[in-house]
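All values below come from the heavy atoms of this structure, side chains included, with hydrogens, waters and symmetry mates left out. Below, chain A is the first sequence line, B the second, and so on; all start at residue 1. Every value quoted in this text rests on a predicted model; they were computed, and no experiment measured them.
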2 protein chains.
Amino acid sequence: MNGRTGVPVTIGVMERSSTTSGGSARREATRQKLYEAAVTLIAEQGFSATTVDEIAERAGVAKGTVYYNFASKSVLFEELLRHGVGLLTASLREAAEKTAAQGGSRVDALDAMVRAGLVFIDRYPAFTQLYVAELWRTNRAWQSTLMVVRQQAVAVVEGVLREGVAAGEFSEEIDVPLTAAALVGMVLVAALDWKSFQPERSLDDVHAALSRLLQGRVSGHR
Amino acid sequence: MNGRTGVPVTIGVMERSSTTSGGSARREATRQKLYEAAVTLIAEQGFSATTVDEIAERAGVAKGTVYYNFASKSVLFEELLRHGVGLLTASLREAAEKTAAQGGSRVDALDAMVRAGLVFIDRYPAFTQLYVAELWRTNRAWQSTLMVVRQQAVAVVEGVLREGVAAGEFSEEIDVPLTAAALVGMVLVAALDWKSFQPERSLDDVHAALSRLLQGRVSGHR
DNA sequence: GTTTTTGCACTGACCAGTCAGTTCAAAAAG
DNA sequence: CTTTTTGAACTGACTGGTCAGTGCAAAAAC
């Protein structure tokens with residue numbers, strides 16, 4: 001009844017993770033609305049500060065509907081996490097594979113992944129924000145979910161680095177897990193700063209700046 | 001500028017809100033305990049999920065004491081933020097200046113700042129965690145405090161980059177603010193991952209890996 | 001030197017409000 | 001018919017903040 005159409009911050013429609021194949025289209029749409037509402041609210045205020053009443057109101061549904069569709073507030077949040085990182089991982093993997101298929105170098109693959117990361121953050125800033133805010137917390141209910149999901153994403157970067165080392169494109173001295181984390185951090189923080197403090201800049205612009213840094217073209221040699 | 005003397009090892013110690021001369025040692029000690037308790041609890045659970053009762057209990061004081069020393073929960077948190085980033089900024093600046101005084105290049109200065117950042121995170125992991133979790137949130141009471149304080153820290157990195165460009169050590173093409181953010185992110189995320197997932201590694205080890213990345217010695221040219 | 005007063009720092013029971021989660025009858029959708 | 005949604009009332013636990021009162025060490029008075 002409340003004609004409340006949310007902001008288009010959708011986290012996307014991934015294929016139902018083979019849970020209940022009997023998820024009707026109607027129910028799915030309701031869930032989608034709840035995801036959208038939750039992602040922005042939690043990004044802004046944090047999980048604990050966001051109430052279920054708020055989520056329901058923003059989604060334009062009754063509170064009872066939230067509990068009809070999700071077992072609890074945390075379950076809703078956990079599914080949000082899994083889904084969002086799933087999207088990112090798929091996007092990174094696709095970028096890497098596409099580059100490889102076109103005969104690009106590993107540096108090119110890394111660069112393509114940087115861009116894919118930027119595109120993702122550009123599209124789902126609220127999700128990214130929320131993810132960063134929760135990732136390094138301890139003692140939380142969804143910690144294990146978060147770890148698993150993080151590893152999936154970072155593993156894609158690590159994979160490319162390892163291939164690069166094996167192919168002699170990268171120095172054998174590099175520390176793969178740590179370098180992967182550093183690269184992810186570079187993109188993450190640069191992008192969040194971009195969205196927060198210089199939102200008018202273009203993606204290409206930001207990408208170019210990061211490419212330069214990635215390829216060591218900062219120090220004047222060249 | 002709050003002219004404080006002898007900064008204790010812990011994150012706390014801010015200027016007292018009221019009388020400057022009357023800060024009794026006893027009161028100062030109590031505040032210190034409250035800072036320490038708050039920083040770890042908030043890092044673990046987030047601001048909203050952490051109760052004042054918990055903070056008081058962990059600090060070993062009564063709840064009323066918290067409100068005797070701080071106007072509110074958020075004020076306590078804000079003072080924590082200001083102080084912590086103050087420490088980091090000072091540390092970064094010192095690293096840069098020391099390098100310059102010894103005739104090091106700007107890359108050396110950057111490298112020294114990376115190490116200073118790692119040392120800081122190694123010493124105050126909880127504070128770092130908490131800072132990252134709150135930085136990009138919107139609509140929060142302490143947003144402006146956070147912005148100011150962030151800029152102070154990033155400005156130090158930007159300063160070195162600008163000097164480097166002016167001196168011809170860095171390419172004129174680099175985007176100073178964005179590159180600074182990316183560098184900070186690189187260190188931040190790598191360090192948080194280090195502390196979270198490979199805490200047994202040495203600081204030197206992590207520093208070496210980041211140095212390699214910083215100096216573009218990743219791609220096999222060596 | 002002893003007694004009394006002062007006021008800072010601290011205490012913890014208490015209050016008014018909030019929130020996640022439950023329940024359910026009834027309506028809408030399919 | 002069945003599935004899904006509604007919406008409001010209710011519960012019980014928890015929370016930020018308050019406040020009258022306590023303890024105590026140094027100053028003041030004697």
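If you take OG on Ser202(B) and NE2 on His207(B), they are separated by 11.0 Å, rounding to the nearest 0.5 Å.
Closest contact between the side chain of Ser24(B) and the listed nucleotides dT3(D), dA9(C), dT11(C) involves dA9(C). Residue Thr30(B) has its side chain nearest to dA9(C) when only dC19(C), dA9(C), dT5(D) are considered. The side chain of Arg27(B) has dC10(C) as its nearest neighbour among dT5(D), dG16(D), dC10(C).
Atom OH in Tyr68(A) sits roughly 12 Å away from atom C1' in dT6(D) (whole-Å rounding). Rounded to whole angstrom, the span from the CD atom of Glu57(B) across to the P atom of dC14(D) amounts to 13 Å. Note: CD (Gln32(A)) to C1' (dT5(D)) measures 18 Å, nearest angstrom. Atom CZ in Phe77(A) sits roughly 16 Å away from atom C1' in dA20(C) (whole-Å rounding). When rounded to the nearest whole Å, the span between CZ of Phe70(B) and P of dG16(D) equals 16 Å. Rounded to a whole Å, the CD atom of Glu28(A) is 11 Å from the P atom of dT4(D).
Among the heavy atoms of the strands lying under 4.0 Å from Thr51(A) are primed sugar atoms or P, OP1, OP2 only; no base atom is included. Residue contacts shown for Val66(B) are absent, as no nucleic acid heavy atom lies under 4.0 Å away.
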Quick one: what's the B/S/- string for nucleotides 21-27 of chain D, heavy-atom cutoff under 4.0 Å, read 5' to 3'? -------

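Look at Thr65(A) and you'll find a side-chain N or O under 4.0 angstrom from OP1 or OP2 of dT6(D). The side chain of Asn69(B) places an N or O atom within less than 4.0 Å of a non-bridging phosphate oxygen (OP1 or OP2) of dC10(C).
Ion pairing between Glu36(A) and Lys33(A) fails under the 4.0 Å rule for side-chain N and carboxylate O. The existence of a salt bridge linking Arg137(A) and Glu44(B) is excluded, since no basic side-chain nitrogen approaches an acidic carboxylate oxygen closer than 4.0 Å.
Looking at Asp193(A) and Leu178(B), their side chains never come closer than 4.5 Å, going by heavy atoms from C-beta outward.
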Please report the C-alpha distance between Thr30(A) and Asn69(A) in whole Å, then the side-chain angles of each, then the deciding distance to 0.1 Å, and finally whether the side-chain hydrogen bond (donor to acceptor under 3.5 Å, both in side chains) criterion is met. CA-CA 8 Å; Thr30(A) 303; Asn69(A) 283 282; 5.2 Å; no

Would Gln45(B) and Thr50(B) satisfy side-chain hydrogen bond (donor to acceptor under 3.5 Å, both in side chains), going step by step from the backbone distance to the final call? CA-CA 6 Å; Gln45(B) 308 174 324; Thr50(B) 300; 3.2 Å; yes

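Using a 30° and 60° split on the angle between ring planes, Tyr35(B) and Phe70(B) fall in the perpendicular class, above 60°.
Under the rule for a ring pair (Phe, Tyr, Trp, His ring centres under 6.0 Å), Tyr131(B) has no partner lying at least two apart in sequence or in another chain.
Here the closest heavy-atom approach between residue Trp136(A) and residue Gln129(B) is recorded as O-NE2, 2.9 Å.
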Please enumerate all protein N or O atoms sitting under 3.5 Å from an N or O of nucleotides 21-27 of chain C, with distances to 0.1 Å.
from, atom 1, to, atom 2, distance (Å)
dG21(C), OP2, Tyr67(A), OH, 3.0
dG21(C), OP2, Lys73(A), N, 3.1
dG21(C), N7, Lys63(A), NZ, 2.9
dG21(C), O6, Lys63(A), NZ, 2.9

